[in-house]
Amino acid sequence: MKISMRKPVIPVGPVHPLQEEMEYFQLTIDGEIVTDIDVNIAYNHRGIEEISETLQFDQVPFLVSRICGICSASHPLAYVQAVEEIANITPPERALYVRTIINELERIHSHILWAGLAGHFIGYETVFMWAWKYREPVLDLLEEITGNRNNYGNVKIGGCREDIKPDIIPKLLKELDLLEKKMDMLTKAVLDDPILHARLKGVGILTKEDAIKYAVAGPTARASGVPIDVRRDDPYAMYGALDWNVITQEEGDVFAKTVVRLLETLEAIKIIRQALKKMPDGPVMTEVKDIPPGEGCGHVEAPRGETFHYVRSDGGNRPVRHKARAPSYVNVPSFKASCIGEEVSDAMITLAAVDPCYSCTERMAVLDSQTNALICGFEELLRLSREKTERIRKGI
Amino acid sequence: MNDLLNNLFWILIFPGFVFTVTCGLLAGWVVRKVTALVHHRIGPPLLQQGYDVMKLLGKETLIPEAAQKVVFIAAPLAGMSGALVLATLLWRNNFATNIPYLGDVIVALYLMAIPSLALILGSSASASPHAAIGASREIKLVISYELALVLALIIVIIKAVGNSKVTGSPLYLSSLAAVTPVFSISGMLAFLVAILCVQAKLGYVPFDAAEAETEIAGGILIEYSGALLAIWQLMQTILLIAFPLFLVTVFMGGFDAGTVSALLLSIGKYVLVLVLLILIKNTNPRMRIDQVMKFFWYYCGPVLGFAIVLAMLGNAYGLGWL
């Protein structure tokens, strides 16, 4: 029998046992302590950016909403903001309020979904089932407003496809009241449970220095005491006109991330209430003509952090370059800082604590199948991208 | 010859395999149904537990290439045999109280350890890193709760010594079935700790670190499939009857089936223990294995030490409620 002297490796993947997405974490262990972690993502490259360049400007939102089912309001909004920057379009104020409300509803259901999954990860099935039950009315509200529980396809260049009809608003407010009570209860239950404290406090700490070094985004950063939030730092939609707080915690452990997400849910309810009150009457669409040549950026605070879209136009009806960067892409590498030195059981919840969305992280690499060498390495990509930039510059 | 046939009947038909497994499948359904109701779910139909086992028996049984095949196959059989003998022993002690000696509490303790040991052996033999972690956690789990369980039983034995109703040795299960220590402070403390030990023995949350489906993908059972997995499930089914029955026998005055009202009371005792187990299962997250160890040694240990002192004081001064 061949005896291997390699250290034992605990494989998590290639299909996650719980999140049912493609990823592969190799935890090198010594006893129960994780000594190293190797992160493999991008098993399912869909070529969204490439497809986007073959579609017309107003078709792209429907494509980018499919980057991730949960962030299906944030990605299109970021893209649309980039295009509006190119064409210098200002949507009507009511449309901006509608965008704010839909994005906050998305944040609520995403955070509740995470809370449930986190419960499932640590074997707390009751929290899993209850949280997902609380999430249902939010999805129903989204369906009532936009026609879909996910992949709303509501945001358009120059405004919104569907308005929030006045007869929905009382129901919306009522559901928000009910949800606030339930979330209050869930938050208190989580904050007071001694066994949850024992399982989550001091686990998977991402220090403030590491958070800045790995440039993490969203609740992952805010739980480590880095107060970044696009909604406040560079207000889009109507966030600048509303009164709300950026939730931060200093500890950086899984418990802090839980607290940040639960409190952000309550904060989102506050935002929606204000937006519904302040929302003016009027149209939700402006006339959009051609998209002139130029380039624009849009960024949106998605539930997991900043999602960034870059669009370049040559004056035609298709983007010549569209680049999307989702927050999980920066959050996932921080496992190197937070997981090493933890026990396996703690590492598993730490891996889940950044709320990784693997579909957001798909990138492509070309390998030589014989030698496993990277054919399209950094240097080559840099050369290719410079060549392409030159080509485009000549074209404009 | 007649004795042998009788013994076989006891072990295989009543109150052994057929009877216990039938009750166990029903109890398993109760666990799943109540859990589902706590979760706001509908839950499985009555026969689902039986369907699961039958279906597994018909599935292909995979044995890993690197596994120690003999141990891998023998472990579930050994585990189930242990559980079966334990169940038969407990039922016989409750049903046939006229027979003076049918095994004592120490025999029961040994038999209760066999399923865990079989799980450890089986998963260690399966050559999977997940199973190795599961096995090491199961070992730590056994080390954690065995001491607490023994201490809890010592309290029961002390209570039996001080009780004038006990005629045989206080170690006999039939003697222990005659007393009800839960109606005293020390006995209640011992019962509460013992129910946590049973929770750990059954591998229920918060003590399911060895299986931890969402962490190590099933841990100890990860490489088992088909008929062998069905045997593990049958073992769990039998244990779901045997462990609460042990608590009923030792702490709650035994399982008396002499009259209809006594039978209903006995079933009530069993259901009470089962409901407690389900409630603990559904209101807690999984504890880390080092936390489990600390919990049983540093918290349950001193509490039981205190309870032992109380029980002995109670015996010395004739205060039954202490």
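Throughout, a chain's letter reflects where its sequence line sits, starting with A, and its residues are numbered from 1.
- Between the side chain of His130(B) and the backbone N or O of Pro11(A) there is at least one donor-acceptor pair closer than 3.5 Å.
- Taking a 6.0 Å sphere around NZ of Lys336(A), one finds it holds more than 12 heavy atoms contributed by other residues, nucleotides or ligands.
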Inset, instruction - Evaluate ring-ring contact (aromatic ring centres under 6.0 Å, His included) for His40(B) paired with Trp130(A), printing each intermediate quantity in order. - result: CA-CA 7 Å; His40(B) 295 300; Trp130(A) 286 28; 5.4 Å; yes

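- Counting non-hydrogen atoms of neighbouring residues, nucleotides and ligands closer than 6.0 angstrom, the NZ atom of Lys188(A) reaches no more than 12 such neighbours.
- Contact of Lys294(B) with chain A is not made at all, since no heavy-atom distance falls under 4.5 Å.
- Of the atoms belonging to Asn284(B), heavy atoms from both backbone and side chain fall under 4.5 Å from chain A.
- Met129(A) is not listed as a side-chain neighbour of Val38(B), based on a closest heavy-atom distance of 4.5 Å or more.
- Under the 4.5 Å side-chain criterion, counting only non-hydrogen atoms from C-beta, Arg137(B) is in contact with Val344(A).
- Heavy-atom neighbours of Lys33(B) NZ from other residues, nucleotides or ligands within 6.0 Å: above the threshold of 12.
- More than 12 non-hydrogen atoms from other residues, nucleotides or ligands lie less than 6.0 angstrom from CE of Met185(A).
- Contact count versus chain B (heavy atoms, under 4.5 Å) is highest, among Ser345(A), Ala352(A), Ala198(A), for Ser345(A).
- Between chain A and the options Ile133(B), Asp290(B), Ile289(B), Asp208(B), heavy-atom pairs under 4.5 Å are most frequent for Ile133(B).
- Interface remark: Leu351(A) contributes no atoms to any contact with chain B (heavy atom separation under 4.5 Å).
- Heavy-atom distances place the side chain of Val205(B), and not its backbone, under 4.5 Å from chain A.
- Judged purely by atom type and a 3.5 angstrom limit, Arg199(A) uses its side chain to pair as donor or acceptor with the backbone of Arg286(B).
- Ile195(A) contributes atom CD1, which lies 5.5 Å from atom CE of Met287(B) (distance to the nearest 0.5 angstrom).
- Residue Asp193(A) holds its CG atom at 8.5 Å from OG1 of Thr283(B), rounded to the nearest 0.5 Å.
- The side-chain heavy atoms of Thr35(B) and Thr126(A), taken from C-beta on, include no pair separated by under 4.5 Å.
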